[in-house]
Amino acid sequence: MAEKKVSVWSDNRFWQRSATWVTGFASLLLIWLTFDTMGQITMGNQKDINNHITKRVPSATVINYKVEYKMNQRRGHEVPVIGGDDGKGDSLFKVKENFFGRDNYSQKEADALLHLGKLASQAKNCMDCHTLLGNGAYYAPDLTKAWLDPAWQKGGTMQAMTGKSTKEEAMAEFLQNPGKYPTHARMMPNLGITQKEAVGLVAFLKHMATIDTNGFPRGFGKIKEGVVYARSK
Amino acid sequence: MQGQSNFKYEGQKLASWYFTVAMILFGAQLLLGLVAAIQFIYPSFLYGILDFSIARMIHINALVVWMVYAMIGAVYYLLPDETGIEVVGIGIAKLLFWILTLAVTVVVLVFIFIQVGAADIKTIWFITEGREYLEAPRWADIGIVVVVLGFLANTFLTAIKGRRTGIMTVILSDMIALAGLYLAGMFFTDNISMDQYWWWWVIHLWVEATWEVMVGALAAYALIRVVGANRKVVEMWLWIEVAMLFGSGILGLGHHYFWIGTPEYWWEIGALFSALEPLPLVGMFVHVLYDWGKENGFKEKAGEDTSSNNTPALLWLVSNGFGNFLGAGVWGFFHTLPQVNIYTHGTQFTAAHGHLAFFGAYATILIAMFYMAVQGKYGIKKLRATFASKMAIFLITFGVVGMGVALTIAGYEQVLIARAQLGATWDAFFIAQNQTWMAQAMDWRLIMGVVTTVGFFYLVKDLLSISKNPKNVY
Amino acid sequence: MIEPLYIRPVIAINDFLPIFVSAAFILIFGLFYAGIVTMIKMKKMKKVYYILAYFFWGLQIYCTYFLTMTIHSQPFTVKAMIVAMIAYLSVPHIYFYLITKSEQRYEN
Amino acid sequence: MFEAFTDVNHSFFGLLNQGPLTLTIFLHTVIVLPMFWIYFQEKKRLQNKR
């Protein structure tokens, strides 16, 4: 039988089936990828920390540990370092640090604090001025690594302004009375954040700083002295 | 839109209600946008009364809601036309319209007067969910899902009973996906990475996949109605566009998963799939241009009048071809590669892209639908552009492009100073905000926002009065 | 020491503007290329202008090469991008092949 | 041939990510290839039609 000349390329049915296939299969791939990613970004627990297992989103109990953000040779970018580093940029999970005067928050206590903080971040609409993990509005600073911000460390402008001696207390004080500490003409409004909510929020911020964001933001806090304050109004 | 109605179907009348609310919300979006823009320049403006976070929240929510309203309206408008029958259960459809509108009003009033709540799950249920774009409290989420299910049932039953067309098939499957995806954004988790992961399922898969397909389907309908293109050819192209839009758009989701705690393999998936996203936009542009020219050629040969039967709609349709490519394509592409995105993520670049893309890809085609509804309502054979139609399209386009350019300059300055040089800290942020380039960009953004608003008033005037001017109606 | 597979090299300050501009022009030149081919197919332009269309396509390749180099892509990626650009050469032609075919089928 | 794994966790997709573009070329291929099969099936259908 001789081949009949037909034009598949101008056939509606061919394109309809192709569109269905491409859409369906891309969706399936996305679902598969989602399962894989879910497994990787599930929050860890204290057991992981005890076993020195690095999680992309670590346990809420990281608030008991010292947190840094350092270049990791193997990864090729900066990663959060929890409890000191082993010399290669990986976490040691050893060095502790006081958080509101304690470094022994149990899993339950830490989870509750984080829960309260995350709820507060939504109830107060943080994301409609700030960015979290780079998403949100662009009216106020990114809070992804706010816990590690030089301004909040000892000797930093923000900590000095609040008159507190630790960064968690300074942050909590600022969150409760933002109007009292204007750092810029653009002031944070008073959102009625209570003492308890402020502690939760600071725990949330500290935890967020320990999430492995593949090196975002790059070179965080690498500000040269002198440049910083020269131009602030 | 008052006056004698010439709609053949009740469904089209319902569509005009949806369009009317959409226009009101569009106005609200512009108003609150102006407030937020003023606050960038004079931070004390309404400080403590209507703070930036609230103004901005209503600004973006009004945007999403007016577009959803206009899309539902558009579906109700073309549904009887495509299927050849009245919308099934029109009574319920009208009831759902009032329920939805009431819910939206309550949500907005709560946003304005209550604003924030205590860190309690009750706040999430009744005041705000506090997740950018998805701030609507949970009771409203559930209400929206119920209303949308009713809408879907209506359209499905109508489509099954009436004539089946390719455009209807695309729209129906797209609406299911659109409604289903909303469910991904309705739960609470302490894990912010998980939170953001699913949040993007709603935001990205709406805006860069299902909404774009909706635009493709509406453009196909408009090409048939306004330009007079051949249905078979248009529908074949629609299927190709669906394949390309979903083929690139679904996994293009990866470009939001570079830095939120998700694995590194998303760098590659996100970069390469989203680099393909502009391709269907070029295709849509070429397609609209070609069909328009071809049909004009036919008319010329036949010695007919070559002007379109709805010039304002056609103008907006053509600006959709350009705007979609420019706003979604060019502005999206130049910060989508992870090497660049690590510096641009979370800067005014995103705002520039957002303004241009929402306008170019969606506002334009939905406004074209408004004009088609005006034409249908008054049974006008030929609708010609008035001075106000021209002013509206010119001022709105000029204003939005101006805002886009200003925000791009602001974003560029932020990338250089706050990101590349100073490393994204608190101080780095404010140093960048204080630079002259940033300050002037914000001034220009406000000026261009005012220009856009003036254009909006021309648009309102035109939609209300174009049918009454005998010079423009044939 | 293991060499990192993916490095995100620091981009030089002076490279940002060229990166943004070249990325934008990849698409804009691409649109010019496709647009001119469209105009020729619509018989609104003479066939001579194919030269201009291919010239824009050439500029597009250059922009792609420039962009991939300045963001420090790996050599293989640069090559793959150039191959992709060569594939883009055929896109408008495929488009109009499909358009002609479908018109033959549905309109005559 | 196989590159050292650098991400935090091992995974199937991480494994496919064996150097520049391998993952994305793989995904694009599996999406596009079956369209050939659809093409030939439709061709057969059209040929048998009349």
Side-chain angles (χ1 to χ4, degrees), chain A residues 1-42 44 48 53-58 72-77 79-82 88-91 210-215, chain D:
Chain A
M1 193 180 90
E3 287 269 304
K4 240 195 325 184
K5 250 193 129 183
V6 289
S7 164
V8 183
W9 293 116
S10 62
D11 186 47
N12 257 332
R13 224 180 93 107
F14 166 67
W15 287 109
Q16 180 171 359
R17 287 187 63 193
S18 296
T20 314
W21 158 258
V22 169
T23 308
F25 192 67
S27 310
L28 280 180
L29 279 175
L30 178 63
I31 290 168
W32 186 5
L33 280 158
T34 297
F35 272 110
D36 191 77
T37 300
M38 285 297 110
Q40 296 199 41
I41 65 173
T42 308
D48 297 319
I53 294 170
T54 303
K55 298 284 282 185
R56 289 194 150 271
V57 182
N72 183 307
Q73 282 308 323
R74 188 175 59 89
R75 299 286 303 283
H77 50 69
V79 296
V81 174
I82 301 159
K88 287 187 224 136
D90 289 317
S91 300
T210 65
I211 294 176
D212 191 320
T213 49
N214 294 338
Chain D
M1 174 74 200
F2 286 97
E3 305 271 355
F5 210 88
T6 58
D7 204 349
V8 180
N9 302 84
H10 286 257
S11 72
F12 174 69
F13 292 101
L15 218 70
L16 288 176
N17 200 357
Q18 279 291 332
L21 300 177
T22 47
L23 173 58
T24 184
I25 287 173
F26 172 76
L27 292 179
H28 279 94
T29 312
V30 292
I31 290 176
V32 169
L33 272 185
M35 277 178 67
F36 285 96
W37 180 70
I38 299 176
Y39 176 87
F40 287 115
Q41 220 185 22
E42 286 300 312
K43 191 173 177 185
K44 223 174 172 180
R45 187 184 63 89
L46 284 172
Q47 279 172 342
N48 292 339
K49 219 166 150 184
R50 256 172 291 162

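Every chain is numbered from 1, with letters handed out A, B, ... down the list of sequences.
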Colleague: Drop me the distance from A:Gln16's CD to D:Glu42's CD, to the nearest 0.5 angstrom.
Modeller: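 Going from CD on A:Gln16 over to CD on D:Glu42, the span is 9.5 Å.
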Colleague: Would you mind telling me which of A:Asn72, A:Val22, A:Asp11 has the largest number of heavy-atom pairs within less than 4.5 Å of chain D?
Modeller: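 Among A:Asn72, A:Val22, A:Asp11, the one with the most close pairs to chain D is A:Asp11.
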Colleague: Using every non-hydrogen atom in the two residues, find where D:Val30 and A:Trp21 come nearest and quote the distance to one decimal.
Modeller: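 Closest approach of D:Val30 to A:Trp21: O-CZ2, 3.7 Å.
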Colleague: Hey, does A:Arg75 have a side-chain heavy atom less than 4.5 Å from the side chain of D:Val8?
Modeller: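 Yes, close enough: below the 4.5 Å cut-off.
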Colleague: Which region of A:Phe14, side chain (C-beta onward) or backbone (N, CA, C, O), has a non-hydrogen atom less than 4.5 Å from a non-hydrogen atom of chain D, or is it both or neither?
Modeller: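 Both parts, heavy atoms under 4.5 Å.
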Colleague: Between D:Phe12, D:Phe13, D:Phe40, which has the largest tally of heavy atom pairs under 4.5 Å with chain A?
Modeller: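 Option with the top pair count is D:Phe13.
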Colleague: With a 4.5 angstrom heavy-atom cut-off, could you sort out which part of A:Thr37 is near chain D: side chain, backbone, both or neither?
Modeller: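 Neither part.
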Colleague: Enumerate by number any residue of residues 31-38 of chain D whose heavy atoms lie under 4.5 Å from heavy atoms of chain A; in the absence of such residues, state 'none'.
Modeller: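 Within residues 31-38 of chain D, the residues under 4.5 Å from chain A are D:Ile31, D:Pro34, D:Met35, D:Trp37, D:Ile38.
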